[in-house]
Amino acid sequence: MAAPKKGRSASAQSKPGRSLALILIAIVALTGGMFASGHKTPRLGIDLAGGTSITLKAKADQGSAINKANMDTAVDIMNRRVNGLGVSEAEVQTQGNDHIIVNIPKGTNSKEAQQQVGTTAKLYFRPVLASEPTGAAAKPSPSASPSGSGSPSPSSSASAKEKASSSSSGSPTPTATATSQGRAVTDALKDDATPSPSGSPSATSSPSPSASSSGGTADTTKLQAQYAALDCSKPAQRANAGKGAKPGEVTVACGENDKVWYKYLLGPAAVDGTEVKKAQAVIDTQGAAGWQVQMNFTSSGSKKFADITEKLSKNQSPQNEFGIVLDGQVVSSPFVQSAISGGQAEISGRFTQQEAQSLANMLSYGALPLSFKEETVTTVTAALGGEQLHAGLLAGAIGLALVVIYLVAYYRGLSIVAMASLLVSAILTYVLMALLGPAIGFALNLPAVCGAIVAIGITADSFIVYFERIRDEIREGRTLRPAVERAWPRARRTILVSDFVSFLAAAVLFIVTVGKVQGFAFTLGLTTVLDVVVVFFFTKPLMTLLARRKFFANGHKWSGLDPKSLGAQPPLRRTRRPAGPAAGSADPKEA
């Protein structure tokens with residue numbers, strides 16, 4: 001039974017090159033991926049590279065009081081909005097009683113993040129009464145048919161989640177003539193409610209000024225004239241479109257699709273954004289390839305959404321659409337094929353991942369307890385952060401130099417193993433930080449640099465534990481090769497326990513903290529995991545190879561493993577006791 005065990009042990013010891021080759025291949029592959037991605041340096045945080053700082057002021061104009069609870073809720077929603085865009089290390093915090101400061105690091109999509117954070121009005125689902133392109137894309141003929149859906153998402157559709165297919169993948173959509181739009185506008189203004197199931201082909205091609213409404217002919221005429229004169233291609237008109245409109249009123253709005261602005265006439269809000277429980281971007285696996293947004297509604301929102309989709313499904317385009325309106329702008333207007341019940345729906349179409357994620361963020365975090373006004377947007381320089389980074393790197397370099405001096409003075413030849421392992425760990429840490437920037441939005445800030453410096457000590461501890469175990473074995477009289485193998489199981493347990501405690505502390509710190517402290521915790525956890533990888537796949541195999549060299553195996557005085565310097569005791573040897581005098585023999589003297 002003992003022979004096979006020895007054979008396996010000898011085989012494992014004789015092929016340490018496999019482990020070294022494996023980790024070297026991993027380094028080459030990760031480095032190649034880093035250069036292929038074009039991100040050759042880690043992405044820096046706002047305190048090192050600068051970024052955008054946005055100041056928002058709360059306004060109590062929606063029936064909510066400006067208090068600590070509402071401000072904290074707004075901070076939490078904004079923080080999730082920005083992080084939903086993949087922006088890491090963004091700082092969202094209150095300042096005073098009615099201000100929120102948002103710091104977005106350089107290198108992220110700060111423009112989109114600024115739009116998401118600044119878009120703080122209520123989110124509503126409104127039925128579309130009429131829509132058409134404006135500006136250069138507007139059709140000159142009033143009798144021409146509008147686009148298939150006339151919305152920022154012309155190919156998008158709303159359908160029940162359990163359906164296997166959606167109407168967005170190339171299926172023809174009903175088109176409405178401008179005359180039916182005109183009748184729909186008149187009817188909507190007349191009833192001040194959801195449009196009728198169908199439009200009359202005999203209606204005029206534009207809203208009729210003679211139509212009356214419950215609010216009076218003057219209000220109707222004013223809204224019709226506002227819709228007719230609205231040109232969403234002009235920023236000034238987009239900013240004022242539908243300004244001050246209440247949820248229960250008919251209003252106008254703008255939305256963009258493929259760099260073309262559309263104008264909309266929208267009915268009263270049918271569903272409030274607060275009734276969207278959850279929205280997420282997923283890959284459309286059943287329909288055409290692409291991304292879609294799945295929504296879950298609350299119980300009250302589910303009933304309202306079922307009612308409005310049942311009414312819209314009986315209409316022709318674009319009156320079978322509902323506009324998703326955020327901050328007075330139509331961010332999407334999917335059309336409905338059939339009534340949607342069950343509290344679940346999906347919006348599918350020719351979405352990219354970024355577009356689907358952006359829409360899902362708006363649906364999930366669109367409703368804030370307060371409205372906000374964007375006061376200032378400033379660019380933050382990194383001059384002070386650069387000086388601090390220089391000081392931090394200098395301190396880290398001094399600490400590393402002291403560690404190397406100690407290793408050389410105390411361990412001599414063994415310091416080669418320690419320094420090579422530190423180098424491999426540094427390369428892996430740098431490459432992974434560079435790759436994690438575009439992958440998960442990791443940004444290197446000053447606390448993260450501190451975490452990397454602390455990791456030097458954690459990695460050095462692992463080497464010292466292993467080296468001391470080997471020295472203990474040599475002190476007991478063993479030669480280097482068996483000492484290396486016998487010391488490894490004992491050192492391995494100690495290293496794993498120590499790294500587990502460090503990783504657990506980093507994980508807890510990452511979970512319970514926010515902002516820059518998370519950068520420190522993440523870097524500490526990453527380097528702790530890499531320490532285990534380096535010790536197992538590089539340090540131990542390298543030590544096994546060096547144990548076969550005469551310089552180390554013979555215990556040269558500069559190898560750090562000299563038995564005499566370590567005070568090794570000679571191995572105990574059992575000797576046969578000399579045989580005593582035979583029984584009955586007489587003492588010569590006595591004889």
Any donor-acceptor N/O pair, [X] side chain to [Y] backbone, under 3.5 Å:
X: Thr523; Y: Gly519; result: yes
X: Arg126; Y: Gly267; result: yes
X: Gln344; Y: Asn296; result: no

Can you check whether [X] reaches [Y] side chain to side chain, under 4.5 Å on heavy atoms?
X: Val449; Y: Leu444; value: yes
X: Ile100; Y: Met71; value: yes
X: Leu266; Y: Val250; value: no
X: Thr527; Y: Ser425; value: no
X: Thr134; Y: Tyr262; value: no
X: Phe520; Y: Leu446; value: no
X: Leu432; Y: Leu530; value: yes
X: Val325; Y: Val331; value: no

What is the minimum heavy-atom distance between [X] and [Y], and which atoms define it?
X: Pro438; Y: Leu435; result: CD-O, 3.3 Å
X: Ala339; Y: Ala306; result: CB-O, 4.4 Å
X: Ser37; Y: Met34; result: OG-O, 2.8 Å
X: Leu223; Y: Val252; result: CD1-CG1, 4.2 Å
X: Val293; Y: Ala356; result: CG2-O, 3.4 Å
X: Pro268; Y: Pro127; result: O-CD, 3.2 Å

Under the salt bridge (Lys or Arg N to Asp or Glu O under 4.0 Å) test, residues paired with [X] that sit two or more places apart:
X: Asp307; result: Lys303
X: Lys68; result: Asp72
X: Lys234; result: none

Taking only residues two or more places apart in sequence, or in another chain, which ones meet [X] in a side chain to side chain donor-acceptor pair (under 3.5 Å)?
X: Asn67; value: Asn70
X: Lys304; value: Glu275
X: Gln226; value: none

Interatomic spacing from [atom1] in [X] to [atom2] in [Y] - rounded to 0.5 Å:
X: Met433; Y: Arg43; atom1: CE; atom2: CZ; result: 13.0 Å
X: Leu56; Y: Lys373; atom1: CG; atom2: NZ; result: 11.5 Å
X: Ser332; Y: Phe322; atom1: OG; atom2: CZ; result: 7.5 Å
X: Leu526; Y: Asp531; atom1: CG; atom2: CG; result: 11.5 Å
X: Glu132; Y: Trp261; atom1: CD; atom2: CH2; result: 16.0 Å
X: Thr309; Y: Ile340; atom1: OG1; atom2: CD1; result: 5.0 Å

message = Can you classify the ring geometry of Phe522 versus Phe510 as parallel (below 30°), tilted (30 to 60°) or perpendicular (above 60°)?
response = tilted
task = Inspect the surroundings of CD in Gln93 and state if more than 12 heavy atoms from other residues, nucleotides or ligands are less than 6.0 Å away.
result = yes
task = Give a yes/no verdict on a cation-pi contact between Lys263 and Tyr227, requiring under 6.0 Å between NZ or CZ and the six-membered ring centre and an angle within 45° of the axis.
result = yes
request  = Evaluate the side-chain contact (heavy atoms from CB on, under 4.5 Å) criterion for residues Lys278 and Gln294: first the C-alpha distance (whole Å), next the side-chain angles of each, then the deciding distance (0.1 Å), finally the verdict.
outcome  = CA-CA 8 Å; Lys278 180 182 179 182; Gln294 294 181 349; over 6 Å; no
request  = Step by step, work out the side-chain contact (heavy atoms from CB on, under 4.5 Å) result for Asn97 and Ile66.
outcome  = CA-CA 8 Å; Asn97 297 325; Ile66 301 178; 5.6 Å; no
key: Evaluation steps, side-chain contact (heavy atoms from CB on, under 4.5 Å), between Ile324 and Phe125   = CA-CA 5 Å; Ile324 301 175; Phe125 292 78; 3.8 Å; yes
inquiry  = Determine whether Ser313 and Asn320 satisfy the following criterion, side-chain contact (heavy atoms from CB on, under 4.5 Å), listing intermediate values before the conclusion.
reply    = CA-CA 6 Å; Ser313 63; Asn320 64 344; over 6 Å; no
